[in-house]
Amino acid sequence: MIEAHEIKEDMPVVTAQAEEFAVVDHTTGPDTIKLKKDDSGTHHYIPVSWVISTEGGVVKINRTLEQVKKDWSTEAMENV
């Protein structure tokens with residue numbers, strides 16, 4: 001399991017299909033990753049539990065882009 005301290009600011013975030021969709025702003029506690037603002041100026045949050053790898057300085061998650069857009073949040077998450 002990946003620990004939040006392994007996730008660093010400015011790391012690209014990619015889907016299970018290696019599609020880059022965001023960049024890490026920072027982690028908010030041990031469970032949540034805050035992403036940098038998207039093109040519309042909105043921050044999104046995803047749970048650390050989605051992360052399957054941080055190899056090569058890239059945060060890889062276990063979701064498709066469609067799943068991410070359905071499940072991410074615009075508010076800090078707790079216990080997701």
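The analysis underlying the following values was restricted to heavy atoms, covering all of them including side chains, and did not include hydrogens, waters or symmetry mates. As the structure is a computational prediction, the values presented were derived from the model and not from experiment.
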Q: Answer yes or no: does atom CD of Gln17 have more than 12 heavy-atom neighbours from other residues, nucleotides or ligands under 6.0 Å?
A: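 Yes, enclosed.
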
**Q.** Shortest non-hydrogen contact between Ala4 and Pro30, atoms and distance
**A.**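 Distance-wise, the nearest heavy atoms are CB-O, 3.7 Å.
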
Of all residues at least two apart in sequence or in a different chain, which pass the side chain to side chain donor-acceptor pair (under 3.5 Å) check with [X]?
X	answer
Glu9	none
Lys36	Asp10
Asp38	Ser40, His44

Q: Each residue besides Val58 in its hydrophobic cluster should be listed here, by chain and number; the cluster joins Ile, Leu, Val, Met, Phe, Trp and Tyr at side-chain heavy-atom distances under 4.5 Å.
A: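 Taking Ile, Leu, Val, Met, Phe, Trp and Tyr as members, Val58 shares its hydrophobic cluster with Val14.
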
Q) Rounded to the nearest 0.5 Å, how far apart are NZ of Lys34 and OG of Ser73? A)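 Taking NZ in Lys34 and OG in Ser73, the distance rounds to 12.0 Å.
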
Q.
Does any part of the side chain of Leu35, heavy atoms only, come nearer than 4.5 Å to the side chain of Ile46, both counted from C-beta?
A.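 In contact.
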
Q | Pairwise side-chain contact, Val48 with Ile33, heavy-atom cut-off 4.5 Å (strictly under) | A |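 Side chain of Val48 against side chain of Ile33, heavy atoms only: contact under 4.5 Å found.
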
If you look only at distance, which donor and acceptor atoms sit under 3.5 Å apart when one is on a side chain in residues 59-69 and the other is two or more places apart or in another chain?
unit_1 : atom_1 : unit_2 : atom_2 : d
Thr64  : OG1    : Gln67  : N      : 3.1
Thr64  : OG1    : Gln67  : OE1    : 3.3
Gln67  : OE1    : Thr64  : N      : 2.8

Side chains of residues 20-27: which donor-acceptor partners sit under 3.5 Å, not counting sequence neighbours?
none

